[in-house]
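Everything on this sheet refers to the single structure shown next.
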Amino acid sequence: MEKHQLPLTLPPTPAKQRPSPTTYIILLLSLLALSAQFAPRLPFSACSHSQAPNDTLHWTPCGDGLQCSKLAVPLNWDNRTDEREVVLSILKRPGSRQKDKLGSLYINPGGPGGAGSYIETAGWFFDKLLDGRYDLIIWDPRGVNRTSDHITCFSSSLTQHLYALTTPTSLSTPSNFSSPTAEGLSDPHAIFQDLENQIRLSETSLKALYQRCWERTGETLAFVGTKSVVRDLEAISRAVEGGEGRINFWGMSYGTIIAQYLTSLLPPHRLGKIVMDGVVNATMWTGPWDHFHPYSSLRDIQPIYSSFATSCLAAGDRCALSSSSNFSSPEDLLDTLSALLDSVYHDPVPLPQLENAPALVAQAKHLKMAMFRAAYSVKEWPSLARKLERALKGDWSELVEGTLPVLEGGWEGAGKRPDPSSLATTAIRCADASPHLTHPTHPPTPHSLASDVALSLTLNSPFAGDQLFDLSFCHLWPVESRSYYDYVGAEEEQKKLDTPVLVLNQRFDPVTPLGAAERVLQRLGGSARLVVQEGAGHCVIGQASLCTAKIIRSYLLSGELPSSSHTSCEVDELPFGAEAEDDEEQGVGAGSSEERELLRVWRGAEGLVQRW
């Protein structure tokens, strides 16, 4: 195994502006007035196309150096007599060095449903990383955001936020099913029954919501699967490059599903350089019920919390938990957090003083949500430590407020803005799922789903083992997919690629465990190289590493890859700002000015990682 010992971290994300103190009260009072807007939409605009998709794109300036275009493609790629169309929304950021341009790089940031607007905030980073030698192209996949018709389950952004605020979409559970209470050990049967009741309520709510999605969106939902997305990408490439040019693609998280479908569906001569970052197991993603288990995606998350505790104690005053308490060890800190979780589960804390929402109650689900979100990036660990430190002192306000939905721009315009395809993850996931999952002979019951959650809490993490539980309800999805692809069967026939794939994964990723990347390497054999970044968080792009950056640059700029199938890269962005000390110890400052600038840029980048 090659070993690259070069140091990486980014500053905390600036807090988004939240609504005024009375905002959520006004939102709730507005609910009845908005209910009339819930009338179903017409299922699908009956646009038509005579032959193939548009063979050219007409780019127009759309601000900040970006260019926009539209491309009409068939709704149903498998039935060309069906004249309905999807109109894809496409954004391009031209490379800053057009004279030395290598081509186009297509990017999907994940989600699923990662919108084309990602390039507006992250495009500058990719341009810097790749010396401005690629035009960066991103599109809203079918059903998403500005592509029409898009998935819409709510009449507006406002009603979507109201749903998120008032409907149980997260679970409250203690650290274990025999957690201590003031009266002694709790009854595990009572806790399990409470969990089953929560899931039953969620199931009922989701069943109604999914039906609403169908009524408002219509048959588009049957054609949003990844197989159709890959066909769309090929059509965009033909329109951009012309003819049979090779597709260069960088997919993160769900974007790696697109990448795996690309390598399976398209002939090798159409595939250029492909980067997979934060790999989702495509066999699990598309498989039947006995293959699919959302909690298998969480198997590497508990080590992230152990790393959080260890880094916090080592950081001293830079970590609020360390500076305010006398923990004897990282295990002691985690035990204290487990006790905090048990306490708020058995005795929820009223929050009448919470300024930006109506009177709420701090529950176990809020603590779990806060910890799950922070697992995505070490940049968020200082903020999490501060919130936990305050919660341990009885002040839950900041922690709970950080889990509430945020209305961008305030509530005034939210009622006029469309639903931002908030159910895209579910729609795409269920379109890709095996019919054995969407229409099982024996559907899962609240009891069996609760058993799955209980097992994941035990095997994966008491803090986050119940996350992703909402991906377990495709059996309720009212639409039969017409873009399903049997990836499980196709992977056995994997062809040799002309250009090897670069596979990237964090050592500890909260939702895309390393084992999925190793499976891709096994499937592609000599047609792939795996780089394991020795960090924590979702996708390597979320934590800076000069070693990883050099490999990415060599691959995309020169076509060079590590000779070994496995390469390990150390990180240069450490939790709680510790990289400043590490830089001095490792002598990073002695590198070239280009390397120092690249590292500075990566550490300072924000918004590079999408959440599931």
Side-chain angles (χ1 to χ4, degrees), residues 37-60 62-63 66-80 82-92 106 108-109 111-120 137-157 159-160 212-240 258 413-428 430-431 479 481-483:
Q37 298 181 30
F38 251 148
R41 296 178 55 199
L42 294 176
F44 194 84
S45 55
C47 301
S48 65
H49 65 87
S50 56
Q51 299 178 355
N54 303 355
D55 56 3
T56 59
L57 292 175
H58 302 286
W59 298 101
T60 59
C62 47
L66 301 177
Q67 298 176 8
C68 300
S69 190
K70 299 282 187 179
L71 181 67
V73 296
L75 171 68
N76 185 356
W77 279 102
D78 295 326
N79 181 5
R80 298 305 298 276
D82 185 340
E83 295 187 342
R84 292 171 298 175
E85 289 181 335
V86 171
V87 181
L88 303 172
S89 175
I90 308 168
L91 276 174
K92 177 172 72 172
Y106 299 88
N108 183 282
S117 56
Y118 177 80
I119 209 70
E120 298 174 11
I137 297 179
I138 197 166
W139 76 106
D140 286 330
R142 52 177 56 212
V144 176
N145 205 9
R146 288 173 287 201
T147 280
S148 61
D149 263 2
H150 73 282
I151 298 164
T152 172
C153 304
F154 301 93
S155 60
S156 68
S157 178
T159 52
Q160 184 268 321
R212 174 61 63 181
C213 293
W214 164 246
E215 293 172 359
R216 292 185 54 81
T217 304
E219 200 173 1
T220 303
L221 294 177
F223 296 96
V224 298
T226 304
K227 183 177 75 170
S228 295
V229 173
V230 167
R231 298 291 300 275
D232 294 344
L233 173 56
E234 185 185 26
I236 296 171
S237 171
R238 290 181 183 276
V240 172
I258 298 176
K416 300 177 181 179
R417 289 196 299 274
D419 168 20
S421 306
S422 53
L423 263 286
T425 296
T426 296
I428 296 171
C430 295
V479 186
S481 175
R482 297 184 61 186
S483 55

Check: Is the shortest distance from a Lys or Arg side-chain nitrogen in Glu85 or Arg80 to a carboxylate oxygen in the other one below 4.0 Å?
Finding: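 Result for this pair is no, no salt bridge flagged.
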Check: Are any of the side-chain nitrogens in Arg142 or Asp149 under 4.0 Å away from the carboxylate oxygens of its partner?
Finding: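 No, Arg142 and Asp149 are not salt-bridged.
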Any side-chain heavy atom of [X] within less than 4.5 Å of one from [Y]?
X: Phe154; Y: Ser422; answer: yes
X: Asn76; Y: Phe223; answer: yes
X: Ile428; Y: Thr226; answer: yes
X: Val229; Y: Trp139; answer: yes
X: Thr147; Y: Asn145; answer: no
X: Lys70; Y: Ser89; answer: yes
X: Asp140; Y: Tyr118; answer: no
X: Asp78; Y: Lys227; answer: yes

For [X] versus [Y], what's the shortest heavy-atom pair and its separation?
X: Ala431; Y: Val224; answer: CB-CG2, 3.9 Å
X: Val73; Y: Ala235; answer: CG1-CB, 4.0 Å
X: Arg216; Y: Ser155; answer: NH2-CA, 3.6 Å
X: Val230; Y: Ile258; answer: CG2-O, 3.9 Å
X: Cys62; Y: Leu91; answer: SG-CD2, 3.6 Å
X: Val240; Y: Leu57; answer: CG2-CD1, 3.5 Å

Notebook entry, point to check: What distance do Glu219 atom CD and Leu75 atom CG have between them, rounded to the nearest 0.5 Å?
Noted result: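 Between atom CD of Glu219 and atom CG of Leu75 there are 6.5 Å.
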Margin query: To the nearest 0.5 Å, what is the distance between CG on Leu71 and CZ on Arg238?
Written below: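 Atom-to-atom, Leu71:CG and Arg238:CZ are 12.0 Å apart.
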Short question: side chain of [X], backbone of [Y] - any donor-acceptor pair under 3.5 Å?
X: Ser157; Y: Arg417; result: no
X: Ser69; Y: Ile90; result: no
X: Thr220; Y: Gly143; result: no
X: Ser156; Y: Thr159; result: yes

Checklist line | Distance-only side-chain donor-acceptor flag, Asp232 / Trp77, under 3.5 Å | finding: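 A donor-acceptor contact under 3.5 Å links the two side chains.
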Notebook entry, point to check: Can you list the residues that meet the side-chain hydrogen bond (donor to acceptor under 3.5 Å, both in side chains) rule with Arg231, with sequence neighbours excluded?
Noted result: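 None.
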Next item on the list: Report the residues that fulfil side-chain hydrogen bond (donor to acceptor under 3.5 Å, both in side chains) with Ser483, sequence neighbours left out, ordered by chain and then residue number.
Entry: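 Once residues adjacent in sequence are excluded, Ser483 has no partner under the side-chain hydrogen bond (donor to acceptor under 3.5 Å, both in side chains) criterion.
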Item checked: Set of residues satisfying salt bridge (Lys or Arg N to Asp or Glu O under 4.0 Å) with respect to Asp419, sequence neighbours excluded ->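 So Asp419 forms no salt bridge (Lys or Arg N to Asp or Glu O under 4.0 Å) with any residue.
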Next item on the list: Let me see the working for Tyr106 and Leu233 under side-chain contact (heavy atoms from CB on, under 4.5 Å), right down to the final yes or no.
Entry: CA-CA 8 Å; Tyr106 299 88; Leu233 173 56; 3.8 Å; yes
